[in-house]
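Since this is a predicted model, take the numbers as computed values, not measurements.
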Amino acid sequence: CYSAETSVKASNRKCEQNLLAAEKFSVMAEKLCGMEYPRKKLNKAWKTLLFNQFHDILPGTSIHEAMEMTREEYVEMNELGNGLLSTAVEHLNKNVNVTTDGIIVWNFNSMPVTGTVIVEMNLDNAKIVDENGNEIAAREVFGPAVEGSEYNVSDKRNVVIDGYTFSGVEGDDVTGI
């Protein structure tokens with residue numbers, strides 16, 4: 001009998017990455033900002049994730065009902081992980097020492113990253129700048145799924161492992177930050 005549930009394997013990996021980021025940044029927020037560490041929630045999520053790595057579940061050879069339950073648990077774990085990560089980052093953002101309006105971009109990966117982020121703000125009379133005042137390229141995003149003003153911001157600076165970079169916003173009528 002051959003069976004493969006690639007969606008289960010992909011969801012498992014996504015949950016691993018998501019919970020790891022939530023855990024790392026929750027520890028940072030606890031130690032640096034005094035946030036209460038969400039121990040019970042993370043323990044429950046990790047135990048559920050590990051249970052779903054059972055030899056019949058992960059390869060997709062379990063009965064249909066078990067696979068459906070597993071898919072629902074992956075959704076719940078990802079929602080929990082996203083919520084915990086957002087809470088931790090909110091605490092950390094409040095404690096980043098900046099003197100101007102701007103955008104903080106966090107890197108949850110185990111490697112430095114350079115890339116494009118989407119920000120929702122009005123840049124009609126403003127620009128995004130790096131720490132030296134150099135303008136960072138931003139292109140407005142258009143399309144049916146876009147509400148308000150969204151911009152792709154291409155920042156060529158590396159964002160350090162488990163850290164952040166800050167870009168200032170200069171100009172008149174800066175909104176949406």
task = Would you please test Asn52 and Asn12 for side chain to side chain donor-acceptor pair (under 3.5 Å) and show each step?
result = CA-CA 8 Å; Asn52 285 324; Asn12 181 77; over 6 Å; no

task = Keeping to residues at least two apart or across chains, list the ring pair (Phe, Tyr, Trp, His ring centres under 6.0 Å) pairs with something in residues 73-100.
result = none

Contacts of Ser11 that satisfy side-chain hydrogen bond (donor to acceptor under 3.5 Å, both in side chains) - sequence neighbours left out = none

query = What do the steps show when you test Glu73 against Met69 for side chain to side chain contact (heavy atoms under 4.5 Å, CB included), and what is the final call?
reply = CA-CA 6 Å; Glu73 288 173 339; Met69 187 174 82; 4.0 Å; yes

To the nearest 0.5 Å, what is the distance between [atom1] ([X]) and [atom2] ([Y])?
{"X": "Lys9", "Y": "Gln53", "atom1": "NZ", "atom2": "CD", "result": "12.0 Å"}
{"X": "Met67", "Y": "Ser62", "atom1": "CE", "atom2": "OG", "result": "6.0 Å"}
{"X": "Phe54", "Y": "Thr61", "atom1": "CZ", "atom2": "OG1", "result": "9.0 Å"}
{"X": "Lys14", "Y": "Leu19", "atom1": "NZ", "atom2": "CG", "result": "11.5 Å"}
{"X": "Ile136", "Y": "Ser167", "atom1": "CD1", "atom2": "OG", "result": "3.5 Å"}

request  = Compare all side-chain heavy atoms of Val89 with those of Tyr164 and state whether any distance is below 4.5 angstrom.
outcome  = no

request  = Evaluate the side-chain proximity of Asp162 to Lys24: yes if any heavy-atom separation is below 4.5 Å, no if none is.
outcome  = yes

message = Counting neighbours of CG on Asn132 that are heavy atoms of other residues, nucleotides or ligands and sit closer than 6.0 Å, is the number greater than 12?
response = yes

message = Does atom CZ (Phe166) have a neighbourhood of more than 12 heavy atoms from anything else shown, all under 6.0 Å?
response = yes

Sidechain-backbone polar pair: Ser26 side chain, Ala88 backbone, donor-acceptor under 3.5 Å = no

request  = Check for a donor-acceptor pair, side chain of Asn107 on one end and backbone N or O of Val160 on the other, with a separation under 3.5 Å.
outcome  = yes

request  = Determine, using the 4.5 Å side-chain heavy-atom cutoff (strictly less than), whether Met28 and Val159 are members of one ILVMFWY cluster.
outcome  = no

task = Report yes or no: do Val75 and Leu58 belong to one cluster of Ile/Leu/Val/Met/Phe/Trp/Tyr joined by side chain heavy-atom distances under 4.5 Å?
result = no

key: Whether Phe25 and Phe108 hold their rings parallel, tilted or perpendicular, with breakpoints at 30° and 60°   = perpendicular

remark   = Here the pair of heavy atoms bringing Val8 nearest to Thr70 is CG1-CG2, 4.3 Å

note = Minimal heavy-atom distance between Leu84 and Ala22, with the atoms involved, is CB-CB, 4.1 Å

inquiry  = Could you walk me through whether Glu135 and Ile128 satisfy the side chain to side chain contact (heavy atoms under 4.5 Å, CB included) test, starting with their C-alpha distance in whole Å, then the side-chain angles of each, then the deciding distance to 0.1 Å, before giving a yes or no?
reply    = CA-CA 6 Å; Glu135 187 169 1; Ile128 300 172; over 6 Å; no

request  = Would you kindly say whether Asn93 and Trp106 are connected by a side-chain donor-acceptor distance under 3.5 Å?
outcome  = yes

request  = Could you verify whether a donor N or O on one side chain and an acceptor N or O on the other, from Asn82 and Asn18, lie under 3.5 Å apart?
outcome  = yes

Only pairs under 3.5 Å count here: list side-chain donor-acceptor contacts from residues 32-50, not counting sequence neighbours, and write none if there are none.
from, atom 1, to, atom 2, distance (Å)
Tyr37, OH, Glu23, OE2, 2.9
Trp46, NE1, Glu23, OE1, 2.8
Thr48, OG1, Lys44, O, 2.9

